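Here the structure comes first, spelled out in structure tokens, and everything after it is commentary.
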There are 2 protein chains.
Amino acid sequence: MTDLRSADLPASTTLSSTLVARLRTAIMNGELVPGAKLVLDRMRASYGVSLSPLREALCRLESEGLVEIVDQRGYRVAPVSRDNLAEVIRLRAELEGLAAREAIAHGDAAWEGRVLSAHHQLTRCQRGSRSPGEQEAWERAHRAFHAELISACRMPMLQQFCETLHDQGDRYRRIFLKDHTPDPHVPAEHAAIAQAMIERRAEDAVGLLRDHIERTGRKIMAALCP
Amino acid sequence: MTDLRSADLPASTTLSSTLVARLRTAIMNGELVPGAKLVLDRMRASYGVSLSPLREALCRLESEGLVEIVDQRGYRVAPVSRDNLAEVIRLRAELEGLAAREAIAHGDAAWEGRVLSAHHQLTRCQRGSRSPGEQEAWERAHRAFHAELISACRMPMLQQFCETLHDQGDRYRRIFLKDHTPDPHVPAEHAAIAQAMIERRAEDAVGLLRDHIERTGRKIMAALCP
DNA sequence: TTTTTTAAAATCATCGATTTATTTATTTAC
DNA sequence: GTAAATAAATAAATCGATGATTTTAAAAAA
């Protein structure tokens with residue numbers, strides 16, 4: 001899956017890939033609201049592209065669970081629901097836990113360094129959304145941090161699953177916690193997780209990670225439900 | 001994700017979806033060999049379709065992990081490797097185990113009935129590939145059986161993950177165990193798993209399922225490696 | 001011989017137009 | 001008044017052609 005977020009080479013960028021990035025951002029931020037119908041002709045006009053790259057982009061976003069496609073009946077932004085959020089949280093806790101355990105088992109000193117670095121960069125970002133730019137920088141650093149934690153697990157498919165689940169959860173957070181003040185516990189949780197990972201305290205790390213995922217998940221759930 | 005394998009309504013079938021089914025079968029059977037380049041123009045000719053549905057089909061197959069896409073550089077059948085097989089087996093064991101546990105917790109009598117029925121139908125299929133048709137019938141029943149075991153887990157994304165992983169593993173089996181005699185232990189394992197699931201013996205069921213997945217996985221690994 | 005440059009061929013990406021299917025609106029029968 | 005049938009409008013699916021990029025093959029330079 002091509003991913004413009006990972007800061008790899010700008011590379012030869014295809015129109016579809018650019019679109020994937022733009023649409024993903026729009027969906028994750030709730031600008032394209034959950035459940036909204038995505039009429040191809042209208043999008044073609046508003047994004048100034050033809051149908052082919054648009055279809056391709058939407059197809060890729062379907063595999064990330066951000067878009068739903070029904071044959072001959074079109075596209076819509078993936079809807080949100082209590083059940084879906086619950087599953088995302090549950091699966092994230094399980095799969096990131098598994099991945100973290102493997103990363104601790106296989107990670108080397110370079111990995112420790114990357115975790116440390118990613119955590120440091122995260123602490124340098126301001127969470128309280130001053131400017132949208134700063135908020136976006138925090139989101140990027142946050143994503144990178146969580147990805148780095150499991151980057152040494154040697155299970156690329158599992159990493160992919162985790163990334164997908166993380167994105168899904170993030171969408172809920174961005175939509176339903178949009179104007180909440182930043183959770184004050186989060187920075188300490190991140191620090192504790194990073195610390196435990198680097199010190200190879202597997203049980204601690206997995207426990208802390210699970211708690212972090214489940215606690216933040218419950219906050220979103222509380223905002224979503226009633 | 002549209003799926004022609006589930007025997008739902010023939011429905012209004014789009015060309016892309018038909019192609020997905022055809023290509024998936026071809027890839028899973030090894031007719032399209034792992035790593036092979038999929039040149040659009042050539043495929044367009046041999047399948048008698050235009051580029052649009054072809055691209056779309058390949059895009060969908062990428063999300064199933066059966067095709068690899070690189071921007072501006074084309075499509076290829078997903079390669080196989082020892083590491084990938086190991087990850088597929090490991091993840092299948094973990095995720096199907098989790099799903100089975102949930103299914104046992106949530107399943108009702110109707111689910112028990114479906115499991116029983118799926119298992120019965122599986123026993124009615126001949127494994128020793130007499131005709132390709134009979135072999136294909138067994139494959140279908142086998143897939144349906146494993147899907148039914150976890151159908152009550154109330155976690156659609158997890159079910160999707162499991163289906164993808166099952167397909168991936170099946171491809172290895174079909175390719176590398178093509179001319180092996182059917183594994184004689186498998187029918188008893190299936191029976192034991194179904195029995196334990198229905199009787200709600202969670203630990204037994206998950207253990208048996210894991211063993212089944214890992215044991216058959218090792219057989220494939222042995223054929224793949226040296 | 002090996003490497004670099006250049007040119008040609010192959011192949012992918014994108015477009016605009018056409019065909020097909022679905023949805024909505026309208027009519028007709030009961 | 002409701003329900004089935006039909007017609008019009010909307011939107012998706014597909015096609016064939018055109019424009020970019022990459023790969024290859026060949027030629028030139030080191």
Side-chain angles (χ1 to χ4, degrees), chain A residues 1-4 8-24 26-27 32-64 66-79, chain B residues 1-4 8-24 26-27 32-64 66-79:
Chain A
M1 198 173 306
T2 306
D3 188 344
L4 294 190
D8 24 27
L9 310 172
S12 45
T13 264
T14 176
L15 235 185
S16 302
S17 299
T18 313
L19 268 177
V20 168
R22 290 181 64 183
L23 290 172
R24 177 164 42 213
I27 293 174
L32 288 172
V33 302
K37 184 135 196 346
L38 297 169
V39 181
L40 290 177
D41 231 33
R42 222 165 298 161
M43 301 189 81
R44 184 196 53 65
S46 62
Y47 287 93
V49 297
S50 184
L51 258 34
S52 325
L54 198 48
R55 285 177 143 274
E56 189 149 332
L58 291 167
C59 179
R60 291 202 219 169
L61 288 170
E62 191 203 22
S63 67
E64 298 181 25
L66 295 175
V67 165
E68 272 189 0
I69 307 182
V70 182
D71 263 11
Q72 238 130 21
R73 192 160 312 188
Y75 304 76
R76 62 177 53 250
V77 179
Chain B
M1 194 174 306
T2 306
D3 187 344
L4 294 189
D8 26 27
L9 310 171
S12 45
T13 269
T14 176
L15 236 185
S16 302
S17 299
T18 312
L19 269 177
V20 169
R22 288 181 66 183
L23 290 173
R24 178 164 39 215
I27 293 174
L32 289 172
V33 300
K37 183 128 193 354
L38 296 168
V39 181
L40 291 177
D41 234 29
R42 222 165 300 160
M43 301 188 82
R44 185 195 52 65
S46 63
Y47 288 93
V49 297
S50 182
L51 256 35
S52 324
L54 198 49
R55 285 175 143 275
E56 188 147 332
L58 291 168
C59 180
R60 291 202 217 169
L61 288 169
E62 191 203 22
S63 66
E64 297 181 26
L66 296 176
V67 165
E68 272 189 3
I69 308 182
V70 182
D71 264 12
Q72 236 132 20
R73 193 159 311 187
Y75 304 75
R76 64 177 53 248
V77 179

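To find a chain, count down the sequence lines: A is the first, B the second, and so on, and within it residues start at 1. Both backbone and side-chain heavy atoms feed into the values below; hydrogens, waters and symmetry mates do not. What you see is a predicted model, and the numbers here were worked out from it, not measured in a lab.
Here D/dA12 presents its P atom at 10 Å from CG of A/Leu58, a figure rounded to the nearest Å. Put simply, CG on B/Asp71 is 7 Å from P on C/dA13, counting in whole angstrom units. Taking atom CD1 of residue A/Ile69 and atom C1' of nucleotide D/dA13, one finds them 13 Å apart after rounding to whole Å. Taking atom CG of residue A/Leu54 and atom C1' of nucleotide D/dA13, one finds them 13 Å apart after rounding to whole Å. Across the protein-nucleic acid pair, A/Arg55 atom CZ and D/dT14 atom P stand 7 Å apart, rounded to whole Å. The separation between B/Gln72 atom CD and D/dG19 atom P is 17 Å, rounded to whole Å. Rounded to a whole Å, the CD atom of B/Glu56 is 12 Å from the P atom of D/dC15.
Note that CG of B/Leu32 is 6.0 Å distant from CE of B/Met43, once rounded to the nearest 0.5 Å. Atoms CG and OH, from B/Leu23 and B/Tyr47 in turn, are 4.5 Å apart once rounded to the nearest 0.5 Å. Taking SG from A/Cys59 and CD from A/Glu64, the interatomic distance works out to 11.0 Å, rounded to the nearest 0.5 Å. Rounded to the nearest 0.5 Å, atoms CD1 (B/Ile27) and CG (B/Leu58) are 7.5 Å apart. Rounded to the nearest 0.5 Å, atoms CG (A/Leu54) and CG (A/Leu38) are 8.5 Å apart.
With sequence neighbours excluded, the residues satisfying side-chain contact (heavy atoms from CB on, under 4.5 Å) with A/Pro53 are A/Leu15, A/Ser16, A/Leu19, A/Val49, A/Ser50.
For residues 34-46 of chain A, the set of pairs meeting the salt bridge (charged side-chain N to carboxylate O under 4.0 Å, His left out) definition, not counting sequence neighbours, comprises A/Asp41-A/Arg44. Sorted by first and then second residue, the pairs that involve residues 45-59 of chain A and meet salt bridge (charged side-chain N to carboxylate O under 4.0 Å, His left out), not counting sequence neighbours, are A/Arg55-B/Glu56, A/Glu56-A/Arg60, A/Glu56-B/Arg55.
In this model, the phosphate group of C/dT14 is approached by a side-chain N or O of A/Ser16 to a distance below 4.0 Å at OP1 or OP2. A close approach under 4.0 Å does occur between a side-chain nitrogen or oxygen of A/Tyr75 and OP1 or OP2 of D/dA13.
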Taking N or O atoms only and anything under 3.5 Å, show me the protein contacts with nucleotides 15-17 of chain C, one pair per line.
residue: C/dC15; atom: OP2; partner: A/Ser50; partner atom: N; Å: 2.7
residue: C/dC15; atom: N4; partner: A/Ser52; partner atom: OG; Å: 3.2

Contact list (N/O, under 3.5 angstrom) for nucleotides 8-11 of chain C vs protein:
residue: C/dT11; atom: OP1; partner: B/Arg42; partner atom: NH2; Å: 2.9

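Residues B/Arg24 and B/Leu61 approach most closely at CB-CD2, 4.0 Å, considering heavy atoms.
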